[in-house]
Protein chains: 2
Amino acid sequence: MKSTASTSEKILDVAQSLIVAGGYNGFSYADISAAIGIRKASIHHHFPAKAELVAVLVDRYRRQAEAGLNALHEQVASPAEQLQSYLNYWQTCIRDASQPFCVCAMLAGEMQMLPDEVASRVRSHFHSLAAWLTSVLRAGAEQGLFRLNRQPEDEAQMLLASVHGAMLSARALGDPELFSTIVTTQLAKLTK
Amino acid sequence: MKSTASTSEKILDVAQSLIVAGGYNGFSYADISAAIGIRKASIHHHFPAKAELVAVLVDRYRRQAEAGLNALHEQVASPAEQLQSYLNYWQTCIRDASQPFCVCAMLAGEMQMLPDEVASRVRSHFHSLAAWLTSVLRAGAEQGLFRLNRQPEDEAQMLLASVHGAMLSARALGDPELFSTIVTTQLAKLTK
DNA sequence: CGCAACCTTCCTACTGGTAGGTAGACATTA
DNA sequence: TAATGTCTACCTACCAGTAGGAAGGTTGCG
């Protein structure tokens with residue numbers, strides 16, 4: 001189905017994989033140009049400025065993420081399974097190297113030198129994710145599935161940090177399985 | 001005492017703070033030049049190539065870190081206090097914004113496009129840190145200070161990931177206190 | 001229908017500016 | 001005198017972004 005994707009979507013796809021690999025300053029219009037066989041100027045037609053391209057990209061990423069998480073709420077009943085599905089998603093992405101890092105986690109590292117329009121969107125994504133995790137943990141605690149020793153908000157932030165930190169460690173050590181090891185170890189502390 | 005620092009050390013100091021802010025691709029020789037009032041060419045005299053500069057910088061950073069951690073082993077008896085001191089160090093750095101991110105954690109995100117000589121050093125740092133944390137956790141478990149429900153190696157990797165993830169979240173949300181909240185929540189699970 | 005005006009997309013060619021890096025002169029000091 | 005450090009001046013390659021035009025499709029109107 002990739003052949004039916006519009007040019008703008010192809011640009012966003014390539015840009016996203018480049019950002020995941022090297023961050024905001026780690027890619028150029030020339031890189032995208034070379035990857036999809038189009039001139040630099042044509043990319044500027046679709047996205048006049050780099051900051052705008054990335055802002056649109058993050059919007060799309062957030063929309064997809066939120067849709068995925070909401071789908072979990074409808075398809076999977078148990079909060080424990082919702083949480084497991086979220087972790088499995090990243091486990092799969094990292095194992096097959098299809099997307100070995102969260103776009104927003106990558107950009108969060110560069111926060112201080114990101115254009116405002118990008119930085120604010122990254123910040124919003126962190127808020128959304130934390131809110132989703134909080135609701136899952138709270139529901140799970142009420143059903144006696146999780147044993148929280150702090151507020152659901154704090155436990156959610158801790159879980160989120162573990163996931164992002166696990167991505168970083170897996171990448172640093174070049175060991176995709178390390179991600180699974182870490183999040184499993186973390187999960188054990190919640191369900192024990 | 002900054003005035004007595006050699007030019008090379010000044011260069012490394014500035015480069016380090018620039019890397020912490022924006023990563024490997026987030027700074028240039030011109031940036032360093034402007035910051036310490038020296039010409040670009042003079043920086044090339046001390047560090048012919050950028051990859052070499054960053055490699056030396058990471059070596060220095062690792063040396064300082066290892067010295068600090070070894071000092072903890074000698075000054076502080078209890079593994080619990082050693083761990084707390086390590087976390088306090090970052091807590092302070094992040095709170096006063098003196099160094100709100102670990103150099104190697106920052107570079108780890110860009111692993112895929114780092115020169116080999118830098119990437120291998122970053123990888124080594126992760127190994128060292130994990131090894132130190134493992135030894136502290138193992139000693140603490142033997143003394144009954146920590147309650148581990150996995151191997152010390154796995155718990156150490158999880159703790160390390162939490163610390164790096166907490167740095168990321170604190171930066172993404174612009175809230176230094178979030179770092180403390182997260183690592184405290186994490187610590188509670190080990191000592192409980 | 002025919003045709004013109006318009007729109008979208010992509011192109012070549014270019015701009016000003018910055019990247020990392022080099023050559024060689026000059027000053028300071030051991 | 002020889003080494004060290006800094007400088008000016010410069011290089012090539014690349015950066016994001018612009019100007020202007022060619023090709024093709026769509027729409028509106030006589």
Side-chain angles (χ1 to χ4, degrees), chain A residues 2-58 60 106-107 110 112-119 121, chain B residues 2-58 60 106-107 110 112-119 121:
Chain A
K2 275 238 166 171
S3 55
T4 63
S6 72
T7 302
S8 343
E9 277 172 349
K10 278 194 234 168
I11 293 170
L12 292 177
D13 289 342
V14 170
Q16 184 161 325
S17 72
L18 289 171
I19 286 177
V20 165
Y24 188 87
N25 291 316
F27 80 100
S28 71
Y29 273 43
D31 294 330
I32 303 175
S33 158
I36 66 178
I38 200 181
R39 298 294 112 179
K40 259 192 347 161
S42 308
I43 304 176
H44 278 286
H45 166 72
H46 294 279
F47 304 99
K50 192 180 183 181
E52 193 180 318
L53 190 161
V54 178
V56 171
L57 186 155
V58 173
R60 188 185 69 152
M106 193 70 198
L107 293 173
E110 305 175 285
Q112 295 180 344
M113 36 173 59
L114 245 35
D116 290 347
E117 49 198 313
V118 176
R121 285 167 166 84
Chain B
K2 276 238 168 170
S3 55
T4 64
S6 72
T7 302
S8 344
E9 275 172 349
K10 278 194 233 165
I11 292 170
L12 292 176
D13 289 343
V14 171
Q16 183 160 326
S17 73
L18 289 171
I19 286 178
V20 165
Y24 188 87
N25 291 314
F27 81 100
S28 71
Y29 273 44
D31 294 330
I32 302 175
S33 159
I36 65 179
I38 200 181
R39 298 292 116 177
K40 265 195 329 166
S42 307
I43 305 175
H44 279 286
H45 167 74
H46 295 278
F47 305 100
K50 191 181 184 182
E52 193 180 316
L53 190 161
V54 177
V56 171
L57 186 155
V58 173
R60 187 184 71 152
M106 194 68 198
L107 293 173
E110 305 174 285
Q112 296 181 346
M113 38 172 59
L114 245 35
D116 290 347
E117 49 198 313
V118 177
R121 285 167 166 85

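Below, chains carry the letters A, B, ... as their sequence lines are ordered, and counting in each starts from 1.
If you check distances only, the side chain of A/K40 does reach the base of D/dA16 with a donor-acceptor pair under 3.5 Å. Between the side chain of B/H44 and the base of C/dG21 there is at least one donor-acceptor pair of N/O atoms closer than 3.5 Å.
Between the CD1 atom of A/I43 and the P atom of D/dT18 there is a distance of 14 Å, rounded to whole Å. Summarising the geometry, the separation between CG on A/N25 and P on C/dT18 is reported as 15 Å, rounded to the nearest angstrom. Taking atom CG on B/L18 and atom C1' on C/dA19, their separation rounds to 15 Å, with Å as the unit. Rounded to whole Å, atom C1' of C/dA13 lies 12 Å from atom CZ of A/R39. The distance from atom NE2 of B/H46 to atom C1' of C/dG21 is 16 Å, rounded to the nearest whole Å. As rounded to whole Å, 13 Å separates atom C1' of D/dC15 from atom CD1 of A/I32. Rounded to whole Å, the distance from OH on A/Y29 to P on C/dT15 is 21 Å. The separation between B/D31 atom CG and C/dG20 atom P is 8 Å, rounded to whole Å.
Within the structure, every side-chain polar atom (N or O) of B/T7 is placed at least 4.0 Å from both OP1 and OP2 of D/dG5. For the OP1/OP2 pair of D/dC15 and a distance below 4.0 Å, the side-chain nitrogens and oxygens of A/S28 include at least one atom meeting the criterion. Between B/H45 and D/dG5, a side-chain N or O to OP1/OP2 separation shorter than 4.0 Å is present.
Comparing C/dC11, D/dG17, C/dA23 by their closest approach to the side chain of B/A41 singles out C/dA23.
Here the shortest heavy-atom pairing between B/L114 and B/A119 reads CB-CB, 4.2 Å.
Contact annotation: the side chain of B/M113 approaches that of B/N25 to within less than 4.5 Å [non-hydrogen atoms, C-beta and beyond].
Exactly one residue among B/I36, B/I43, B/I38 makes a side chain to side chain contact (heavy atoms under 4.5 Å, CB included) with B/V14. That residue is B/I36.
The residue A/F47 sits apart from the nucleic acid: no heavy atom pair falls under 4.0 Å. At the heavy-atom level, A/S42 lies under 4.0 Å from base atoms of the strands shown. The residue B/A30 sits close only to the backbone: its heavy atoms come under 4.0 Å of sugar-phosphate atoms, none of a base.
In this structure a side-chain-to-backbone donor-acceptor pair under 3.5 Å is present from B/K50 to B/Y24. Under the 3.5 Å distance criterion, the side-chain polar atoms of B/Y29 are matched with a main-chain donor or acceptor of B/A49.
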